[in-house]
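Reviewing the structure listed below.
Because the structure is a prediction, the values reported are computed rather than measured. Heavy-atom basis, side chains included; hydrogens, waters and symmetry copies ignored.
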Amino acid sequence: QVQLVESGGGLVQAGGSLRLSCAASGRTFSNYGMGWFRQAPGKEREFVATINWSGGRTYYADSVKGRFTISRDNAKNTVYLQMNSLKPEDTAVYYCAADRKGSIATKLNEYDYWGQGTQVTVSS
């Protein structure tokens with residue numbers, strides 16, 4: 001069992017930056033692939049970024065490529081999402097998720113555990 005707790009969300013102006021963190025419980029964090037997803041009001045949850053168990057492979061949605069960076073620190077059981085050049089359309093609740101297979105994954109049903117989410121609001 002893995003429990004995930006996101007933090008770092010907030011209100012920021014367009015063009016600004018935020019860093020989200022996702023702290024995981026459990027001794028096997030380093031075995032899991034991790035992902036970030038987001039859900040805007042009235043929309044479906046969508047993929048943002050993913051990283052494999054070692055941190056050696058990452059993949060991004062086209063909408064955030066070049067602006068967001070996913071990383072992980074297995075010693076701290078934490079995965080991060082650095083978000084730069086934020087746009088109003090990035091406004092959403094951001095969720096982290098863990099995948100027992102340990103690989104990169106872009107689909108919701110590939111993930112086994114989910115956090116409760118953190119709100120990111122970008123004002124224009």
Measuring only between side-chain heavy atoms, which start at C-beta, is Met83 closer than 4.5 Å to Val12?
no
Can you tell me how far apart [atom1] ([X]) and [atom2] ([Y]) are? Round to the nearest 0.5 Å.
X: Leu4; Y: Gln116; atom1: CG; atom2: CD; result: 9.5 Å
X: Arg19; Y: Ser17; atom1: CZ; atom2: OG; result: 12.0 Å
X: Asp99; Y: Asn31; atom1: CG; atom2: CG; result: 11.0 Å
X: Leu11; Y: Thr91; atom1: CG; atom2: OG1; result: 8.5 Å
X: Cys96; Y: Glu6; atom1: SG; atom2: CD; result: 4.0 Å
X: Asn74; Y: Ser54; atom1: CG; atom2: OG; result: 8.0 Å

Quick one: does NZ or CZ of Arg72 land under 6.0 Å from the six-membered ring centre of Phe29, within 45 degrees of the ring axis?
yes
With the 4.5 Å side-chain cut-off for hydrophobic clustering, are Tyr32 and Ile104 part of the same group?
no
Taking everything shown except [X] itself, do over 12 heavy atoms lie less than 6.0 Å from its [atom1]?
X: Arg45; atom1: CZ; result: yes
X: Lys76; atom1: NZ; result: no
X: Glu89; atom1: CD; result: yes

Closest approach of [X] and [Y], non-hydrogen atoms and distance?
X: Tyr94; Y: Leu81; result: CD2-CD2, 4.2 Å
X: Ala92; Y: Ala40; result: CB-N, 3.8 Å
X: Ser124; Y: Pro88; result: CB-CG, 3.8 Å
X: Val2; Y: Ala24; result: CG1-CB, 4.2 Å
X: Ile70; Y: Thr58; result: CG2-CG2, 3.7 Å
X: Asp90; Y: Arg67; result: OD2-NH1, 2.7 Å

Are a donor atom and an acceptor atom from the side chains of Asn52 and Ser103 found within less than 3.5 Å of each other?
no
Sidechain N-carboxylate O distance under 4.0 Å for Asp62, Lys65
yes
Enumerate the ring pair (Phe, Tyr, Trp, His ring centres under 6.0 Å) contacts for residues 48-87, please, sequence neighbours excluded, ordered by first and then second residue.
none
Do any N or O atoms from the side chain of Thr50 and from the backbone of Met34 form a donor-acceptor pair under 3.5 angstrom?
yes
Sequence-distant partners of Val93, side-chain contact (heavy atoms from CB on, under 4.5 Å), two or more places apart:
Tyr95, Gln119
Applying ring pair (Phe, Tyr, Trp, His ring centres under 6.0 Å) to Phe37 and not counting sequence neighbours gives Phe47, Tyr111, Trp114
